[in-house]
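Remarks on the structure that follows.
One-based numbering along the sequence shown.
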Amino acid sequence: MSKQQLSLDPVGGCCVPIMDAALDSAAAVEGASVFKALSDPIRLRLMSIIASAPGEVCVCDVTPLFDVSGPTISHHLKVLREAGLVDCERRGTWVYYWVLPERLTWMSTLLSVPEPAAG
């Protein structure tokens, strides 16, 4: 585990789907930070690569997939980590990343749409 532990407990008692109840201001701030982190095409693609991997992903395997520098990839991964979407661990000179499924569940619940009533 990384030395920095992020609190993934949603602020404001979230997560109730936004179609069920309006967000309070704390939950809106938290949600906005998560969606802001994903609003960049590189970060969204990084998240997709990490989430779809069967295990951890080494930054050394991800960097060649992009037409930007290694430090730029590291910056984008830091933004995803700070938003609580991924975590990482340094092993020697490389850093390995994995998705935090609790945060994906949080996002999914927030945006879920209720099933229409059968009638």
- Item | Donor-acceptor contact present, side-chain Ser108 to main-chain Thr105, <3.5 Å | no
- Can any side-chain N or O of Arg81 pair as donor or acceptor with the backbone N or O of Tyr97 at less than 3.5 Å? no
Determine whether [X] and [Y] fall in the same hydrophobic cluster, where Ile, Leu, Val, Met, Phe, Trp and Tyr are linked whenever their side-chain heavy atoms lie under 4.5 Å apart.
| X | Y | answer |
| --- | --- | --- |
| Leu38 | Leu46 | yes |
| Ile18 | Val29 | no |
| Val34 | Met47 | yes |

Quiz: residues 65-73 side-chain donor-acceptor pairs under 3.5 angstrom, not counting sequence neighbours:
residue	atom	partner	partner atom	Å
Ser69	OG	Thr72	N	3.3
Ser69	OG	Thr72	OG1	3.0

- Looking only at non-hydrogen atoms, find the nearest pair between Gly92 and Arg90 and report the distance. O-CG, 3.4 Å
- Item | Least distance between heavy atoms, Leu23 atom then Ala27 atom | CD2-CB, 3.9 Å
Review item, side-chain donor-acceptor pairs of residues 49-63, under 3.5 Å, at least two apart:
residue	atom	partner	partner atom	Å
Ser52	OG	Ser48	O	2.8
Ser52	OG	Ile49	O	3.3
Glu56	OE1	Arg91	NH1	2.9
Glu56	OE1	Arg91	NH2	2.5
Glu56	OE2	Arg91	NH2	2.9
Thr63	OG1	Val59	O	2.9

- For the residue pair Glu102 and Met107, establish whether any side-chain heavy-atom pair is separated by less than 4.5 Å. no
- Would you mind reporting whether Phe35 and Leu110 have side-chain heavy atoms less than 4.5 Å apart? yes
- Query: What residues join Met19 in its hydrophobic cluster, counting side-chain heavy atom gaps under 4.5 Å, either direct or through other members?
  - Reply: Val113
